[in-house]
J.: 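Let me begin by handing over the structure; questions about it come next.
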Amino acid sequence: MQYGSSGNTLNNFISNGSYSFCNPAFASLAGYSSLALLKMLGMSAYTVIQRFRTGSFITPEDDIYKKMMNQLGLSHGNMVGTKSDLVERARENHLNDLENIIPFVLAGLFYIGTRPKFDCALWHFRIFLLSRLLHTIAYQVPLPQPTRTISWLLGYSSIISMTIPVLRSIQL
C-alpha cells in the first residue's frame, strides 16, 4: 500500500475503508473476535465458580471465602492453598485462550489490512472461533485426545494462515 507524501499515514490507512464497519470483513472480525473474547472472559468466571464449588482457594487472604462458605453450610474443609483438578483444568483452559485469542485478534487486524476476499476472511474467523469452542468442550468434559489437539491445531493454523498474506504484503 502506497501513501501520499503528506506524512499522515495512519489517517490514510484508516480512511481507506479497511477498518470501517462498512467493510464486511472488518465487521466479521469484530464480531468473531468479540465472541472469542467473551468466551475467554467466560473461562475466567468459570474458574472462579469452580473455586467456590470445590472450596479451592489460592491464598490465606482467601480464607474469608472459606468462612463465608462455612456460614452458608457449603464447607469443603480446609482447602486454602490446595489445588483442585477442576480448578486447574479451568485455569489451564483460560491460559490457553489467552495464548491463542489475543494473537488471533492481532493477526486478524493485520490481515484485514491486506484487504482479503470476504469469504476467505470469514472462513478464517469461523474456523478459529469453532476451534476455540471445541477446544474448551474437549478440555472441560474431558474428551479423549487427540480431540483437543486437533481443535487447537485448527485455530493455530487459522492464525498462521492469516499472517502469511500480511508478511507477503509488507516490505521488511
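Any value given below was found using the heavy atoms of this structure, including those in side chains, with hydrogens, waters and symmetry copies removed.
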J.: Between N23 (side chain only) and S20 (backbone N and O only), is there a donor and an acceptor less than 3.5 Å apart?
T.: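 Judged by distance alone, no pair lies under 3.5 Å.
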J.: Establish, from distance only, whether the side-chain atoms of N96 and R132 form a donor-acceptor pair under 3.5 Å.
T.: yes
J.: Quick one: CZ on F104 to CG on D97, what's the gap to the nearest 0.5 Å?
T.: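 Rounded to the nearest 0.5 Å, the CZ-CG separation comes to 12.5 Å.
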J.: When you measure from the side chain of Y19 to the backbone of G113, do you find a donor-acceptor pair of N or O atoms at a distance under 3.5 Å?
T.: yes
J.: Of all residues at least two apart in sequence or in a different chain, which pass the side-chain hydrogen bond (donor to acceptor under 3.5 Å, both in side chains) check with S161?
T.: H124
J.: Taking the side chain as C-beta and beyond, is there a heavy-atom pair between Y32 and L122 under 4.5 Å?
T.: yes
J.: Do I101 and W152 sit in the same hydrophobic cluster, where Ile, Leu, Val, Met, Phe, Trp and Tyr count as joined when their side-chain heavy atoms come under 4.5 Å apart?
T.: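 No, because I101 and W152 fall into different hydrophobic clusters, even though each may have its own neighbours under 4.5 Å.
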J.: Would you say that T54 contacts V87 through its side chain, given a criterion of any heavy-atom pair below 4.5 Å between the two side chains?
T.: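 With C-beta onward as the side chain, the pair touches.
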J.: What's the shortest heavy-atom distance between A25 and A121, and which atoms?
T.: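 So the minimum-distance heavy-atom pair works out to CB-CB, 4.2 Å.
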J.: Mind checking the CG-OG spacing from L109 to S18? Nearest 0.5 Å is all I need.
T.: 11.0 Å
J.: Honestly curious: do L35 and Y139 fall in one hydrophobic cluster under the side-chain, below-4.5 Å linking rule?
T.: no
J.: CZ of F128 to NE2 of H135: how many Å apart, nearest 0.5 Å?
T.: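 The distance works out to 10.5 Å.
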J.: Do L95 and M43 touch side chain to side chain, with heavy atoms closer than 4.5 Å?
T.: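 Result no, sub-4.5 Å side-chain heavy-atom pair not found.
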J.: Could you state the interatomic distance from OG (S34) to CG (L41), rounded to the nearest 0.5 Å?
T.: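 CG of L41 is found 10.5 Å from OG of S34.
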J.: Between R148 and L143, does a side-chain contact (heavy atoms from CB on, under 4.5 Å) hold up when you go through it step by step?
T.: CA-CA 7 Å; R148 192 173 82 228; L143 297 177; over 6 Å; no
J.: Looking at R89 and E92, does any basic side-chain N land under 4.0 Å from a carboxylate oxygen?
T.: no
J.: Flag the pair I164 / R168 as yes when at least one side-chain heavy-atom distance between them is below 4.5 Å, and no otherwise.
T.: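 Side-chain contact under 4.5 Å: yes.
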J.: When you measure from the side chain of S33 to the backbone of L29, do you find a donor-acceptor pair of N or O atoms at a distance under 3.5 Å?
T.: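 Yes; at least one donor-acceptor contact below 3.5 Å.
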J.: Please check if the distance between the ring centroids of F26 and F21 is under 6.0 Å.
T.: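 Centroid separation for F26 and F21: below 6.0 Å.
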J.: Can you tell me if I64 has over 12 outside heavy atoms packed within less than 6.0 Å of its CD1?
T.: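 Result for CD1/I64: open.
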J.: Could you tell me whether the side chain of F118 reaches within less than 4.5 Å of the side chain of S28, counting heavy atoms only?
T.: yes
J.: Transitively linked via ILVMFWY side-chain contacts under 4.5 Å: F110 with I112?
T.: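 F110 clusters together with I112.
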J.: With a 4.5 Å cut-off on side-chain heavy-atom distances among I, L, V, M, F, W and Y, is there a chain of contacts connecting L130 to L154?
T.: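 No, it is not one cluster - the side chains of L130 and L154 are not joined through contacts under 4.5 Å.
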J.: With a 4.5 Å limit on heavy-atom distance, are the side chains of F52 and M68 in contact?
T.: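 In short, these two side chains touch, coming nearer than 4.5 Å.
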J.: Once you round to the nearest 0.5 Å, how far does CG of N100 lie from OG of S158?
T.: 10.5 Å
J.: I'd like to know whether S169 forms a side-chain contact (heavy atoms from CB on, under 4.5 Å) with Y111, so could you lay out the CA-CA distance, the side-chain angles of the two residues, the decisive distance to 0.1 Å, and finally the verdict.
T.: CA-CA 10 Å; S169 69; Y111 179 61; over 6 Å; no
J.: Under a 4.5 Å side-chain heavy-atom rule over Ile, Leu, Val, Met, Phe, Trp and Tyr, are L86 and Y46 clustered together?
T.: no
J.: Looking only at side chains, do T136 and Q140 share a donor and an acceptor under 3.5 Å apart?
T.: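 No, no side-chain donor-acceptor pair sits under 3.5 Å.
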J.: Using a 4.5 Å cut-off on heavy atoms from C-beta on, say whether the side chain of L134 contacts that of T147.
T.: no
J.: Find the distance between CG (L106) and CD1 (I102) and round it off to the nearest 0.5 Å.
T.: 7.5 Å
J.: Identify the heavy atoms of M162 and A107 that sit nearest to each other, and give their distance.
T.: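 M162 and A107 have their closest heavy atoms at CE-CB, 4.2 Å.
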J.: Quick one, F57 and S84 - any side-chain contact, counting heavy atoms below 4.5 Å?
T.: no
